[in-house]
Amino acid sequence: MSKLTTGTFSIEDLESVQITINNIVGAAKEAAEEKAKELVKAGPTLFPGLESYRDDWNFKLLDRYEPVITPMCDQCCYCTYGPCDLSGNKRGACGIDMKGHNGREFFLRVITGTACHAAHGRHLLDHLIEKFGEDLPLNLGQSNVLTPNITISTGLSPKNLGEIKPAMEYVEEELTQLLATVHAGQESAEIDYDSKALFSGSLDHVGMEISDVVQVAAYDFPRADPDAPLIEIGMGTIDKSKPFLCVIGHNVGGVTYMMDYMEAHDLTEKMEIAGLCCTAIDLTRYKEADRRPPYAKVIGSMSKELKVIRSGMPDVIVVDEQCVRGDILPEAQKLMIPVIASNPKIMFGLPNRTDADVNETIEELKSGKIPGCVMLDYDKLGELCIRLTMEMAPIRDASGITAIPTDEELANWVAKCADCGACLIACPEELDIPEAMGFAKQGDYSYLEELHDPCIGCRRCEQVCKKEIPILNLIEKVTQKQIAEEKGFMRAGRGQVSDAEIRAEGLNLVMGTTPGIIAIIGCPNYAEGTKDVYYIAEEFLKRNFIVVTTGCGAMDIGMFKDEDGKTLYERYPGGFQCGGLVNIGSCVSNAHITGAAEKVAAIFAQRTLEGNLAEIADYVLNRVGACGLAWGAFSQKASSIGTGCNILGIPAVLGPHSSKYRRALIAKTYEEDKWKVYDARNGQEMAIPPAPEFLLTTAETWQEAIPMMAKACIRPSDNSMGRAIKLTHWMELHKKYLGGTVPEDWWKFVRNEADLPLANREALLKKLEAERGWEIDWKKKKIISGPKIKFDVSAQPTNLKRLCKEA
Ligand code: SF4
Ligand code: SF4
Ligand code: SF4
């Protein structure tokens, strides 16, 4: 039926004619929307290239947030001229200096991370279009702004799978240009590598957004659901009496076929399927849009990969891509666990059985004729993995095989330790294994037990032990009871933040009365153990920040319980609201965190998204209080995610290991010139407080990270009540965690007496008078003089001169 949009009509004989008014109204609305789209004034950077944000935005960011270079090694070995000694900022044979090379090294990590998410997105997009067709709508929940990151970069607002294709192609094209820039004799200026890295960060969030929106739409993941179901998490949740299929990686495509096969054959109660890393999060989102009772489980983060294999629990292991350990095959082989490689990115040198008969392949694997195989056909993969798991379990049970030593073996191994210290030197977490062995020799195993949580299960220690002690197995042996108790809950990944939630929180966030968005994301390379992220999340939840989380961070937050046996997911609501704990999803869902900040600008402040990254980022940097935390960042992807947050004006704190990324972005708070912006009302310069004082930095301890993050949520545009609330939290947290004193520079954020924390306003006025010489009217309890920055409710701070009305 053709749609009528304008004009009149008459029908002579109305009998038996049905007029559907809805269609006419709908058609008109569509036409209006088309028209509105044409009228939207896009920003200056549709489909940007490597240089597009450079002068207008990136260089402004990099002028304030200066790159701090911490080389990981003083050589470059990229080409056959080298290796070149770059120590003392010397130049290599090709002319690039140490700083430039380290900028390049950081850049290489960022584009590698960007490519990971983009390749993941491309794989899902092609597969899902083939399976469901191009017209499958992007049903993501109650939102009109569906794809803020895609829209910012491309101006497109895709409504179905097919319409995503141009955005995907764009990301791939730019990635080729970016990769070419790593070649010798390309860019040499550190600052320009940083600008290119920032650009890549913005692309990364486009690639992540593509990955997640297509899977949410096609696999019926929760759609911006604050009440997404609670998922069981932890090694202790696995029922050891059941066959156990263990999946490891990121790309859930193949796992959906396994789950479909389980459901079709009534096996969901008869076996366990559980995952490690992001695949675990995504498989527990599968078909959860209607909140059905979940049956799949989550084991945990990447740090658990080797530990779970060594436990001997899995009957079959399936790997897909990213953050998959390189020694899974030999480790699994020792314990008769077949390994199925389901993605061409990781094939482990295994024979390819993609075109073979499933029955024959199962026989080969069961008999141990082959230790595993490649299986890239999803239809076969589902059947193969499930049937193999059911059939392997009794075979493995009968063999009695396990890597966990007996009590006697444990004592014998411990007695062999020569206290040489080699393991301590090799351990990335610097765990004092020799000391723990010493106590174990005397029968005190508590020191070994304490190593379990901070140990990332990497087995570097075992490889240097001259006595060939299986150190990891000993740690796991003494922790058996503790592991059995590793049972928590994680709310299933809920997807994006809905427009309604943005409308409800937008004003509070911009005023500062909602003190900020705290985003706890990233990998598990913690320096002190997994509980840090729990403590951090709890502190901010108690203080009514909005806490969003993804990936391995979201898992570890759910691993601990309070004295009533409740996890944080049970204690706090799952909505994007003050005091809400929002598990957004797997690491590709990080795009919805930047997306939420972008939507505050788009929905609450009505800013144009299309081709308008700099303006949106400038808005976020000046007005939207937020701070990311990647406490155990280890991967290249973590660097691209963080860099994508940075270009959008969102600061991030990383754990101590992250100094190995080589480049931080930190401002000089004492240089007044760095803290000037324009007032868009008249184009005149105005001073802003030093907030946030970094875009990317590391903290040493979680106690240090907490006040740092609270402070990083202060924004120039906070209103008085908002500023007073943010100062209250920051000053209290500083006192609580950093030696009982108030921070030295708290007064820099006071514009008038209304900015002062309400509870001790008078005491603080006294301090300002006594320590800073500010003039106070004690009758009215007002500040007469002192602050360098005045509060102006209608000021429009911006770093972009082009947005200003000229005076
Ligand atoms: S790329 Fe340049 S610095 Fe690196 S090895 Fe080659 S010549 Fe030396
Ligand atoms: S396995 Fe654990 S103890 Fe051994 S080196 Fe790795 S982190 Fe350290
Ligand atoms: S390397 Fe082996 S022998 Fe040496 S201290 Fe460590 S556990 Fe003991």
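All values reported here derive from a predicted model rather than from experimental measurement. When a ligand or atom number is given, it counts from 1 through the structure's own listing order.
For residue C79, an N/O/S atom approaches atom 6 (Fe) of ligand 1 to within less than 2.8 Å. Among the backbone and side-chain atoms of C94, no N/O/S atom is found under 2.8 Å from atom 8 (Fe) of ligand 1. For a distance bound of 2.8 Å, the N, O or S atoms of C458 include one lying that close to atom 6 (Fe) of ligand 2.
The distance from ligand 2 to the heavy atoms of R459 drops below 4.0 Å at these ligand atoms: 1 (S), 6 (Fe). Shown in contact with I456 at under 4.0 Å from a heavy atom are these atoms of ligand 2, numbered in order with element: 7 (S). Against a heavy-atom cut-off of under 4.0 Å, G421 is close to the following atoms of ligand 3: 4 (Fe), 5 (S). Ligand 2 places these atoms under 4.0 Å from at least one heavy atom of C427: 5 (S), 7 (S), 8 (Fe). Numbered from 1 in the order shown, with element, the atoms of ligand 3 that lie under 4.0 Å from a heavy atom of I471 read 7 (S). Every atom of ligand 3 is numbered from 1 in the order shown, and the set under 4.0 Å from a heavy atom of C423 is 1 (S), 5 (S), 6 (Fe), 7 (S). Applying the 4.0 Å criterion to heavy atoms of P428 picks out, from ligand 2, the atoms 5 (S). When each atom of ligand 2 is checked for a heavy atom of I433 under 4.0 Å away, the hits are 3 (S). If you number the atoms of ligand 3 from 1 as listed, the ones under 4.0 Å from a heavy atom of D419 come out as 5 (S), 8 (Fe).
Counting only heavy atoms of the protein, atom 4 (Fe) of ligand 1 lies nearest to C76 SG, 2.3 Å. Looking only at protein heavy atoms, the nearest one to atom 3 (S) of ligand 3 is A418 N, 3.4 Å. Among protein heavy atoms, the minimum distance from atom 8 (Fe) of ligand 1 is reached at C84 SG, 2.3 Å. Looking from atom 2 (Fe) of ligand 3 to the surrounding protein, the closest heavy atom is C465 SG, 2.4 Å.
Considering all non-hydrogen atoms of both residues, A537 and I557 come closest at CB-CD1, 3.9 Å.
The residue L424 has no part lying near ligand 3, judged by heavy-atom distances below 4.0 Å.
At a cut-off of 3.5 Å, with distance as the only test, a side-chain donor of N58 or S195 sits close to an acceptor on the other residue. A side-chain donor-acceptor contact under 3.5 Å links T114 and S200. Under 3.5 Å, the side chains of Y526 and D556 contain a donor-acceptor pair of N or O atoms.
Residue contact check for ligand 1: Q186 places no non-hydrogen atom closer than 4.0 Å to it.
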